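Notes follow once the structure below has been shown.
Just so it is clear, the model here is predicted, and its values are computed rather than measured. Numbers restart at 1 for each chain; the letters A, B, ... are given by sequence-line order, proteins then strands.
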Amino acid sequence: MSDLEIAMKYERVIELAKRRGFLWSSSEIYGATAGFWDFGPLGAILKRRVENLWRELYIIGEGFFEIESPTVSVEDAFAASGHLDCFVDLIVECKKCGEMFKADHLVQDVGSESTRAGVAKLIKTHDIRCPECGGELGDVRTFNLMFRTTIGPSSERIGYLRPETAQGIFVDFPRLLRFYRDRLPFGVVQIGKAYRNEISPRQGVIRLREFTLAEAEIFVDPRDKSHPRFDEIADVVLRLYPKKEQLRGKNEIEINVKDAVKKGIIPSQFMGYHLALVQLFLTGVGIRPETLRFRQHKKEERAHYAADCWDAETLLDLGWVELVGIADRTDYDLKAHAKKSGVDMGVFVLYDKPKVIERLRIKPKMDVLGPKFKEEAAKVADVLMRLRPRQLNELGKETIKVGGKTIRVDPKWVECERISEEVHGERVVPHVIEPSYGIDRIVYALLEHSLAEEMVEGEKRLVLRLPPKVAPIQVGVFPLLARDGLVEVAKRVASLLSKDGILMEYDDSGTIGRRYRRHDEIGAPFAITVDHQTLEDNTVTIRERDSMKQIRVSIDGVSDIIRGLLSGKIQFEMLGR
RNA sequence: GCGCUGGUAGUGUAGUGGUUAUCACUAUGGCUUGCCAAGCCAUAAACCCGGGUUCGAAUCCCGGCUAGCGCACCA
């Protein structure tokens with residue numbers, strides 16, 4: 001059975017998605033707004049199933065607990081994270097031809113201004129004109145991609161809708177660290193809505209203004225990015241598209257994780273482990289492996305916080321689309337929040353063995369410092385104690401700053417003794433490895449990859465080959481005919497399945513063939529049919545969506561078999577043999 | 001934000017400055033029907049929004065919204 005080529009696949013997917021209740025643009029009755037989409041009845045379940053598989057992998061598999069933080073945060077949080085400054089575009093419009101430009105790009109030859117007023121001044125003083133038509137430029141405007149709001153009735157406190165869920169985790173870091181009992185590494189996940197006021201959202205749910213992110217923030221010791229379970233994924237083969245290959249116009253390379261890390265293509269075991277985990281998840285929910293690659297960001301593509309970033313991309317009708325970004329955010333975020341809030345974001349990491357350090361302990365002689373420095377004496381003593389010269393004779397070379405003046409230290413001000421000290425560890429600010437999944441895009445990609453058309457006895461059959469574990473409707477229950485007492489038996493089977501936690505749909509309208517086709521189109525992987533033989537021996541048929549083959553099983557065991565088929569523990573081909 | 005092209009039942013479409021806007025599929029009810037969109041009867045369902053021109057606009061013009069594409073943008 002070979003699939004027919006589907007032309008204009010994006011349109012076909014959207015047509016099916018609207019018609020069958022997966023997706024449509026939001027508030028259509030008032031004229032839809034670009035960048036906002038609804039998940040319909042089947043779409044919402046599909047999405048939830050994808051999210052729950054994600055939870056299984058990260059919460060149960062990795063032990064990363066999920067938190068839920070608000071979608072609105074105060075201005076300080078985003079001032080610290082850099083989104084307030086870096087998430088802004090300065091734009092200027094030509095008064096004559098209407099072309100829009102990034103204002104800071106236009107002035108980069110005459111000065112490096114980044115403020116709105118500064119850029120506007122440069123445009124004026126240097127008489128910069130429209131590069132397209134030479135026309136006069138209008139006012140410089142800022143465009144921040146964050147949605148802004150005010151908190152409370154006085155409207156004094158500014159809030160922003162989060163552009164990523166990550167910051168909610170970073171600002172909770174001290175409490176989370178305590179929860180994980182002060183040890184690295186640990187991970188925290190969050191699934192939730194994020195908002196970006198895109199200038200021009202396009203392509204349905206591929207670029208939205210409100211979208212669902214599933215993010216894991218994994219806090220690691222910056223000195224040691226090896227992964228304790230690296231061996232489990234070392235042999236996984238990834239299709240990588242490193243920046244070098246992109247710059248030289250070369251193709252992707254296929255390589256296992258172990259070798260990629262060894263050769264330095266992937267910078268650390270930790271990064272490699274999580275690239276493999278992403279591939280495991282995406283192919284597990286139904287993204288076709290042959291359309292998947294990991295593309296490394298080139299320097300100019302990287303976000304303000306990222307030291308390295310790989311996008312898991314899939315090939316869709318619209319081209320390569322990013323589904324997941326895996327970034328090494330280093331200590332950027334934690335340090336930024338530490339600085340802005342004044343709260344320590346460090347972790348005390350124990351050494352395997354305590355280090356013995358020999359050093360000089362410096363004890364200020366207050367009876368000397370007192371008369372000499374008067375009220376400044378305490379401050380001077382404090383500075384002196386923090387000096388760490390290795391030798392006694394180096395002390396005289398040290399200088400300290402007191403009241404704005406730089407003074408050479410006189411060894412007579414202190415008493416020194418040589419001590420040996422045990423150091424048990426040190427404070428480090430963790431680095432963050434972050435896989436960030438765009439759930440809406442993944443759901444769309446699933447639909448597109450699943451949609452197939454084939455010829456069956458001269459007729460076209462449209463079928464959504466969703467993997468059973470994500471399919472919204474899990475099984476259809478049909479009486480072969482709507483008479484002869486078949487309806488009653490079918491309804492009994494239906495309620496049996498419901499009681500066992502299976503999402504089924506009962507249908508007795510029209511002919512059996514029509515019902516099979518309808519369920520093919522919404523991706524229901526199995527159908528149970530009650531026929532006349534059922535009345536004789538209490539058996540029903542199970543029909544598999546993709547092969548259209550049927551097997552016969554007893555009603556008594558049908559729930560267990562369906563559950564086995566859905567989870568993948570039972571293979572359909574193995575049944576009935 | 002600019003440009004091009006479009007927007008008619010749930011979906012895909014036809015069509016026109018002038019009475020109750022075409023067709024197919026779908027849906028619903030009934031008849032029929034012994035396993036893959038059969039048939040018959042009936043029913044329901046649409047001109048994106050606003051303004052202008054006109055005796056009359058779903059049709060022409062303008063604006064908006066929206067969709068696809070190109071440019072720009074995508075921390």
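Here, B:rG10 and B:rC47 have their P atoms 9 Å apart, quoted to the whole Å. B:rA37 and B:rC49 have their P atoms separated by 39 Å, with the value rounded to a whole Å. Only the C1' atoms considered, B:rA67 is 24 Å distant from B:rA24, to the nearest whole Å. Distance check on atom P: B:rG51 versus B:rA44 gives 31 Å, rounded to whole Å. Annotation: B:rG12 and B:rG17 have their C1' atoms spaced 27 Å apart (nearest Å). Straight-line distance between the C1' atoms of B:rC55 and B:rG3: roughly 38 Å, to the nearest whole Å. The C1' atoms of B:rC48 and B:rG1 are separated by 22 Å, rounded to the nearest whole Å. Across the C1' atoms, B:rU26 and B:rA46 are found 15 Å apart, a figure rounded to whole Å.
Nucleic acid contact for A:Thr541: base, since at least one base atom lies under 4.0 Å from a heavy atom of the residue. Here A:Gly82 lies out of heavy-atom contact (under 4.0 Å) with every strand. Contact annotation for A:Glu521: base contact, defined as any heavy-atom pair under 4.0 Å involving a base atom. Among the atoms of the strands shown, none is found under 4.0 Å from any heavy atom of A:Ile206.
Put simply, A:Gln203 has no side-chain N or O that comes within less than 4.0 Å of OP1 or OP2 on B:rC74. Distances shorter than 4.0 Å separate none of the side-chain N or O atoms of A:Arg514 from OP1 or OP2 on B:rA37. Within the 4.0 Å cut-off from OP1 or OP2 of B:rG68, at least one side-chain nitrogen or oxygen of A:Tyr10 is found. OP1 or OP2 of B:rA38 lies within a sub-4.0 Å distance of a side-chain N or O belonging to A:Thr511.
If you check B:rG70, B:rC35, B:rG34 against the side chain of A:Arg202, the one that comes closest is B:rG70. Among B:rU66, B:rC36, B:rC74, the nucleotide with an atom closest to any side-chain atom of A:Gln550 is B:rC36. Of the candidates B:rG70, B:rC36, B:rC35, the closest approach to any side-chain atom of A:Ile512 belongs to B:rC35. If you check B:rC73, B:rC36, B:rA37 against the side chain of A:Val456, the one that comes closest is B:rC36. Comparing B:rA72, B:rC35, B:rG34 by their nearest atom to the side chain of A:Ser200 picks out B:rA72.
Pair assignment for B:rC31: B:rG39, on the basis of Watson-Crick or G-U wobble contacts that are both within less than 3.5 Å. Across every strand in view, B:rG1 sits in a pair with B:rC71 that passes the Watson-Crick or G-U test at under 3.5 angstrom. B:rA46: no Watson-Crick or G-U partner with both key distances under 3.5 Å is found in any strand. Pairing partner, B:rG6: B:rU66, with both Watson-Crick or wobble hydrogen-bond distances short of 3.5 Å. Across every strand in view, B:rG18 sits in a pair with B:rC55 that passes the Watson-Crick or G-U test at under 3.5 angstrom. The nucleotide B:rG12 finds its pairing partner in B:rC23, both defining distances of the Watson-Crick or G-U wobble pair being shorter than 3.5 Å.
Separating the CZ atom of A:Arg12 from the P atom of B:rG68 is a distance of 17 Å, rounded to the nearest angstrom. Rounding to whole angstrom units, CZ of residue A:Arg209 and P of B:rC65 are separated by 11 Å. Atom-to-atom, OH of A:Tyr30 to P of B:rC65 comes out at 18 Å; the value is rounded to the nearest Å. Computed from coordinates, the A:Ile14 CD1 to B:rU66 P distance equals 16 Å when rounded to whole Å. The CD atom of A:Glu459 sits 6 Å away from the P atom of B:rA37 (whole-angstrom rounding). One can place CG of A:Asp531 at 8 Å from C1' of B:rC35, the figure rounded to the nearest angstrom. In this structure, A:Arg483 places its CZ atom 12 Å from C1' of B:rC31, rounding to the nearest Å. In this entry the distance linking CD of A:Glu15 with P of B:rA67 reads 17 Å, nearest Å.
At least one cation-pi condition fails for A:Arg295 and A:Trp320: the charged atom is not both under 6.0 angstrom from the six-membered ring centre and inside a 45 degree cone around its axis. By the 6.0 Å and 45° rule, A:Arg543 stacks over the aromatic ring of A:Tyr516. Relative to the ring axis of A:Tyr305, A:Arg329 places its NZ or CZ within 45° and under 6.0 Å from the centre.
With hydrogens and angles ignored, no donor-acceptor pair under 3.5 angstrom links the side chain of A:Arg545 to the base of B:rC36. Contact of A:Glu457 with B:rA37 (side chain to base): no donor-acceptor pair of N or O atoms is detected under 3.5 Å. In terms of polar N and O atoms assigned as donor or acceptor, the side chain of A:Arg515 never comes within less than 3.5 Å of the base of B:rC36 in a complementary pairing.
Note that CD of A:Glu28 is 8.5 Å distant from OG of A:Ser26, once rounded to the nearest 0.5 Å. Put simply, OG1 on A:Thr541 and CD1 on A:Ile551 are 8.5 Å apart, with the number rounded to the nearest 0.5 Å.
Between A:His337 and A:Phe170, the angle of the ring planes lies from 30° to 60°, which puts this pair in the tilted group. Relative ring orientation between A:Trp54 and A:Tyr437 is described as perpendicular, the plane-to-plane angle rising above 60° on a 0-90° scale split at 30° and 60°.
Mapping A:Ala482 and A:Gly31 onto RNA chain B by nearest heavy atom places A:Ala482 at the nucleotide closer to the 5' end. Positionally, the nearest nucleotide of RNA chain B for A:Arg19 lies more toward the 5' end than for the other of A:Ser509 and A:Arg19.
Donor-acceptor pairing under 3.5 Å is lacking for the side chains of A:Glu164 and A:Ser436.
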